[in-house]
Novice: 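Below is the structure I would like to discuss, written out as structure tokens.
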Amino acid sequence: MLSVCQFKFAFTTRRNKRHYKGSKEHDINKLTALAYAGLERRYGKDHAIAKQRVEKELQVIDELNFSGYFLITWDIIRYSNSMGFMHVGRGSGANSIVAYCLGITDICPLELDLYFERFLNLNRKSPPDFDIDWSWQERDMILKYIFDRYGKNHVAFCGTNVEFKYRSIIREMGKVFGLPKEELDELTKNPEKVFKDQVVQKVQEYGKLLEKFPNQRSMHACGIIISEEPLTNFTVLEMPPKGFPIVQWDMHVAEDIGFDKFDILSQRGLGTINDTVKLLEEKRGIKVNIRDTTLSKDEALCNEFLSRGKTIGCFYIESPAMRGLLRRLKCDNYKVLVAASSIIRPGVAQSGMMREYIFRHNNPDQFEYFHPIFEEQLGDTYGIMVYQEDVIKIALHYGGVSAADGDILRRAMSGKGRSRKALQKVKDDFFESCRQQGIRKN
């Protein structure tokens with residue numbers, strides 16, 4: 001019967017677990033209470049700017065119905081802390097002062113002038129995304145807690161679609177045509193070589209047609225979905241050897257159909273840090289609060305090692321390129337270190353901004369700012385847009401558009417924007433606002 005076979009897709013409906021406390025009202029009340037308790041703990045009782053920022057963020061979170069998402073993340077962190085585990089909240093989630101007050105992150109967004117709009121704003125329909133690292137030794141226990149706490153019928157990993165690439169294509173097609181292993185090895189090692197054998201030519205000919213087609217299903221490294229309804233209402237679940245179920249779509253499809261993922265990552269370096277803290281207490285009787293970020297911001301010996309590029313064994317800043325950059329910048333403080341970790345990324349480096357930043361850092365009196373607003377807003381980075389937040393700053397203060405519209409520009413520049421119409425509107429508004437302020441295009 002046709003009526004039985006029909007299925008309607010509701011792409012605008014959020015499919016995540018909606019409420020942590022049973023209703024939207026209870027969720028925002030709980031989140032507000034936790035945020036204000038954390039506000040006092042982090043900033044004291046009379047920090048007007050921090051309080052204003054918390055109020056602003058809570059209003060947006062409530063309006064976009066993301067209170068439950070924040071509370072579930074807080075619940076995971078609460079369990080982690082109760083077990084004595086170390087975690088690091090990073091990514092754009094660090095732009096939220098509510099996340100900072102809840103203990104999800106340990107980065108003060110006021111100190112680093114981070115804009116909440118990069119993480120969440122009323123114009124942005126895509127979900128927020130907390131990236132949280134644990135030690136590889138403890139991540140499986142965190143995963144077990146999530147699956148047990150929220151129900152195995154409602155929790156699963158995102159899937160991934162592994163596409164055919166040259167080597168896998170040649171091997172698969174070669175097997176079809178019965179080529180021996182020796183010839184397959186030769187083919188994969190020399191992809192540009194022209195072979196006279198007609199069978200090999202057929203392998204290469206048909207192989208080109210398979211490129212970027214799906215090869216096999218796999219499991220997303222860290223993306224977890226927590227659903228309001230049983231996930232089998234939407235998809236068949238696969239059960240890999242590790243024992244955690246997988247949905248049959250990837251993270252992009254999950255977002256399109258209303259599922260917001262939680263990124264539960266692991267980092268081997270955290271295990272090393274954790275072991276070091278335990279050894280210090282055991283062998284030396286020294287207790288270190290590793291969550292106190294002030295420990296690492298102005299330590300003289302640490303700053304000296306940074307300036308000399310002596311960072312072997314330090315996560316993210318131990319590569320030869322990074323150590324060379326630290327030496328070229330004579331990096332001797334926390335803010336320059338943060339900038340260095342950003343300008344070395346491919347997009348910034350290839351655009352020439354890394355080279356210009358190094359020159360301006362070492363020759364602060366030999367350049368001119370493009371505009372006084374660039375000096376005012378980007379003075380710490382010598383007028384260069386080093387961070388993604390800088391796009392929002394310039395859009396807001398130079399272009400006169402809202403911070404939420406500035407985030408549309410940021411997402412487009414980082415390759416994440418999908419709506420050409422929304423981008424064109426912001427672009428038109430930006431130039432019109434500049435024109436009204438007397439700023440010419442050229």
Novice: Quick one: does any side-chain atom of His154 pair with a main-chain N or O of Glu228 as donor and acceptor, under 3.5 Å?
Specialist: yes
Novice: Does the distance from a Lys or Arg side-chain N to an Asp or Glu carboxylate O, for Lys56 and Glu117, drop under 4.0 Å?
Specialist: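 Result for this pair is yes, salt bridge flagged.
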Novice: How would you list, by chain and number, every residue that makes a ring pair (Phe, Tyr, Trp, His ring centres under 6.0 Å) with Tyr79, sequence neighbours excluded?
Specialist: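 With neighbours one apart ignored, the set is Tyr145.
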Novice: Which class fits the ring pair Tyr69 and Phe262: parallel under 30°, tilted 30 to 60°, perpendicular over 60°?
Specialist: parallel
Novice: For Arg323, give me all partners under side chain to side chain donor-acceptor pair (under 3.5 Å), at least two apart in sequence or on another chain.
Specialist: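 With neighbours one apart ignored, the set is empty.
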Novice: Below 30° counts as parallel, above 60° as perpendicular, anything between as tilted: where do the rings of Phe119 and Phe130 land?
Specialist: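 Correct class here is tilted.
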Novice: In plain terms, say whether Lys30 and Asp27 are close enough for a salt bridge, that is, a side-chain N and a carboxylate O under 4.0 Å apart.
Specialist: no
Novice: Checking Arg90 now: which residues fulfil side chain to side chain donor-acceptor pair (under 3.5 Å) with it, not counting sequence neighbours?
Specialist: Asp133
Novice: Listed by chain and number, what are the side chain to side chain donor-acceptor pair (under 3.5 Å) partners of Asp106, not counting sequence neighbours?
Specialist: Arg42
Novice: Under the rule for ring pair (Phe, Tyr, Trp, His ring centres under 6.0 Å), what residues qualify as partners of His47, not counting sequence neighbours?
Specialist: Tyr43
Novice: Quick check with a 6.0 Å cut-off and a 45 degree axis cone: is Arg268 positioned over the face of Trp136's six-membered ring?
Specialist: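 Positive - Arg268 is close enough to the ring of Trp136 and near enough to its axis.
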Novice: By ring pair (Phe, Tyr, Trp, His ring centres under 6.0 Å), which residues pair with Tyr150, not counting sequence neighbours?
Specialist: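 Partners of Tyr150 under the ring pair (Phe, Tyr, Trp, His ring centres under 6.0 Å) test: none.
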